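Here is the structure we will look at.
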Amino acid sequence: MTSVQRHVRIKGYGTALPKHQVTFKDQTRYRVKEDEESQIDLAARAIEQALKQAELTMADIDCLVSASAVGVQPIPCTAALIHERVAKDLTIPAMDINTTCTSFISALSTISYLIEGGEYKRVLIVSSEVGSLGLNPKQKESYELFSDGAAAFIFESTTEDLGVIASLQRTWSKGAHDTEIRGGLTAYHPKHYSEATKTDFMFDMKGKKILLLSARVIPEMFQEFQDKVGLSLADVDYIIPHQASRALPLVMEKLGVPDHRYLNIVSDYGNMVSVAVPFGLAYALDHGLVKEGDTIFLMGTAAGMTVNMLALKL
């Protein structure tokens, strides 16, 4: 039996979706209206749910982590702005961990070491995105794919045999410019924004190039990950992948994962960027697809191109 290396358990979780929905044929997407909801609003709602489920307050949390692809503003970090909303009278540390779409997996991997090492007892990770605000309507593929939302999880130390078994992250930077927003920071300063340059400040995705690169490198990494974890696919109860696109079944088939062994909710929720994996985990828990004692894989691709995989015993 493969042993847990970093002993953490889920104490509570919560999610939040915008009130507004749009549909593209059979696809449903959740998107904020700027004058009604903000990224901080969504994060705060998800955190409130997680704390309520855990029967805790922010005073019981040792660290607040924002694991989001796009921040609220360049400075300070998004975690500090969420802290202002939910923990203003406290001095608990707040930090961002960002690997774009796989930020939650990177954050869980990182904080699990800090919990195992005794630095923190209880950490709240929240992913929140309003990526729809940066979409280019002329790029149909991406414009019809993305959704907004938030998901928060509270992880705490435990003496039980639960937690992170192993994790693996790889980056193929040959794909660094296949998914990007060029403008807004130091590469394309906001002072250069104009009608002629505005698309540099919008999301730009070369979907076919990403899919081809993913199909080429992920199978070998998936085998490397199984070897590192010491588990075969047959030993895993369920897989929660990043809901990257409607091509998800093609990727999972290439990995040898049958339909009933992984979560696919792209049609109902779209790609929520960093929120997709934690929202998917919450969805799987709520719908009885996974339960305490199960061993699951969290995995996905991100801009960079970065790929993350993590084995978790619930």
Side-chain angles (χ1 to χ4, degrees), residues 67-70 97-110 125 127 129 131 134-135 139 141-149 151 166-182 203-226 228-229 233 236 238-257 259 261-267 269-281 283-284 296-312:
S68 302
V70 180
I97 296 177
N98 184 355
T99 54
T100 63
C101 290
T102 57
S103 294
F104 179 82
I105 305 176
S106 296
L108 175 54
S109 178
T110 301
I125 304 174
S127 297
E129 301 284 1
L135 296 176
Q139 284 194 1
E141 179 188 12
S142 58
Y143 187 73
E144 296 184 359
L145 175 61
F146 289 92
S147 273
D148 303 330
S167 54
L168 183 65
Q169 179 173 317
R170 293 282 184 264
T171 297
W172 286 266
S173 56
K174 63 183 70 176
H177 300 287
D178 293 341
T179 310
E180 62 180 348
I181 298 174
R182 292 175 290 276
F203 182 74
D204 184 24
M205 182 174 77
K206 301 176 180 68
K208 288 183 180 179
K209 287 187 68 177
I210 301 161
L211 185 59
L212 286 172
L213 179 57
S214 298
R216 191 166 71 249
V217 302
I218 290 178
E220 184 177 342
M221 180 179 170
F222 190 51
Q223 185 58 56
E224 179 188 359
F225 178 60
Q226 290 178 78
K228 180 178 182 179
V229 176
L233 194 54
V236 179
Y238 205 63
I239 296 177
I240 298 173
H242 170 50
Q243 306 293 299
S245 74
R246 282 183 278 183
L248 178 61
L250 298 177
V251 176
M252 300 306 284
E253 183 182 5
K254 196 171 181 66
L255 298 181
V257 183
D259 292 347
R261 298 285 300 283
Y262 73 92
L263 184 69
N264 181 359
I265 52 174
V266 176
S267 293
Y269 296 98
N271 180 336
M272 289 191 280
V273 200
S274 70
V275 180
V277 170
F279 184 90
L281 177 54
Y283 182 97
I296 65 171
F297 282 177
L298 306 179
M299 53 192 288
T301 56
M305 183 189 79
T306 289
V307 181
N308 284 75
M309 299 179 184
L310 183 145
L312 181 68

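Everything numeric here is computed off the predicted structure, so don't read it as measured data.
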By the definition side-chain contact (heavy atoms from CB on, under 4.5 Å), identify the one residue from Ile125, Asn308, Leu310 that meets it with Phe104. Ile125
Kindly give the heavy-atom pair with the smallest separation between Met299 and Met309, and that separation in Å. CB-CG, 3.9 Å
Using 0.5 Å steps for rounding, measure from the CD atom of Glu220 to the CD atom of Gln223. 9.5 Å
How many angstroms lie between atom CG of Asn271 and atom CD of Glu129, to the nearest 0.5 angstrom? 9.5 Å
To check you understand the geometry: which heavy-atom pair defines the closest contact between Ala244 and Thr301, and what is its length? CB-OG1, 4.4 Å
I'd like to know if the side chain of Asp204 reaches the main chain of Ile181, judged simply by a donor and an acceptor atom lying under 3.5 Å from each other, with no hydrogens or angles considered. no
Using side-chain contact (heavy atoms from CB on, under 4.5 Å) as the criterion, point out the one residue from Gln139, Gln243, Met205, Arg246 that pairs with Leu145. Met205
Should Leu255 and Ile218 count as side-chain neighbours, where that means a heavy-atom distance under 4.5 Å? yes
Just verifying a value: how many Å separate Leu263 CG and Met252 CE, rounded to the nearest 0.5 Å? 9.5 Å
Within the distance-only criterion (no hydrogens, no angle test), does the side chain of Gln169 pair as donor or acceptor with the backbone N or O of Ser106 below 3.5 angstrom? no
Going by the ring-ring contact (aromatic ring centres under 6.0 Å, His included) test, name the single residue among Tyr238, Tyr262, Phe225 that passes it with Phe297. Phe225
Would you find a donor on one side and an acceptor on the other, under 3.5 Å apart, between the side chain of Thr171 and the backbone of Ser173? no
Heavy-atom nearest pair, Ile296 first then Leu298, reads CD1-CD2, 3.9 Å
Which pair of non-hydrogen atoms, one from Gly149 and one from Met272, has the smallest distance, and what is that distance? CA-SD, 4.2 Å
Verify, without hydrogens or angle tests, whether Thr306 (side chain) and Thr99 (backbone) share a donor-acceptor contact under 3.5 angstrom. no
Are Val217 and Met305 packed together at the side-chain level, in the sense that at least one heavy-atom pair is separated by less than 4.5 angstrom? yes
I'd like to know if the side chain of Ser109 pairs up with that of Ser167 as donor and acceptor (distance under 3.5 Å, no hydrogens or angles considered). yes
When you look at NZ of Lys228, are more than 12 heavy atoms from neighbouring residues, nucleotides or ligands closer to it than 6.0 Å? yes
Roughly how far apart are Arg216 CZ and Lys254 NZ, rounded to 0.5 Å? 11.0 Å
Does CD belonging to Glu224 count more than 12 external heavy atoms closer than 6.0 Å? yes
Between Lys209 and Thr179 (side chain of the first, backbone of the second, donor and acceptor by atom type, cut-off under 3.5 Å), is there such a pair? no
Apply the test side chain to side chain contact (heavy atoms under 4.5 Å, CB included) to residues Ile265 and Phe279: give CA-CA distance (whole Å), side-chain angles for both, the deciding distance (0.1 Å), then the verdict. CA-CA 10 Å; Ile265 52 174; Phe279 184 90; 4.2 Å; yes
Side-chain donor or acceptor of Ser147 paired with backbone N/O of Tyr269 under 3.5 Å: yes
Atom of Ile105, atom of Gly300 and distance for their closest heavy-atom approach: CD1-N, 4.2 Å
Please examine the side chains of Leu233 and Val257, heavy atoms only from C-beta on, and report whether any two atoms are closer than 4.5 Å. yes
Should Ser274 and Ser103 be marked as a side-chain hydrogen bond (donor to acceptor under 3.5 Å, both in side chains) after you check the CA-CA gap, both sets of side-chain angles, and the distance that decides it? CA-CA 6 Å; Ser274 70; Ser103 294; 5.3 Å; no
Looking only at heavy atoms, what is the nearest atom pair of Val273 and Ala69, with distance? CG1-CB, 3.5 Å
Kindly determine whether Tyr283 and Ile240 satisfy side chain to side chain contact (heavy atoms under 4.5 Å, CB included), including the steps that lead there. CA-CA 10 Å; Tyr283 182 97; Ile240 298 173; over 6 Å; no
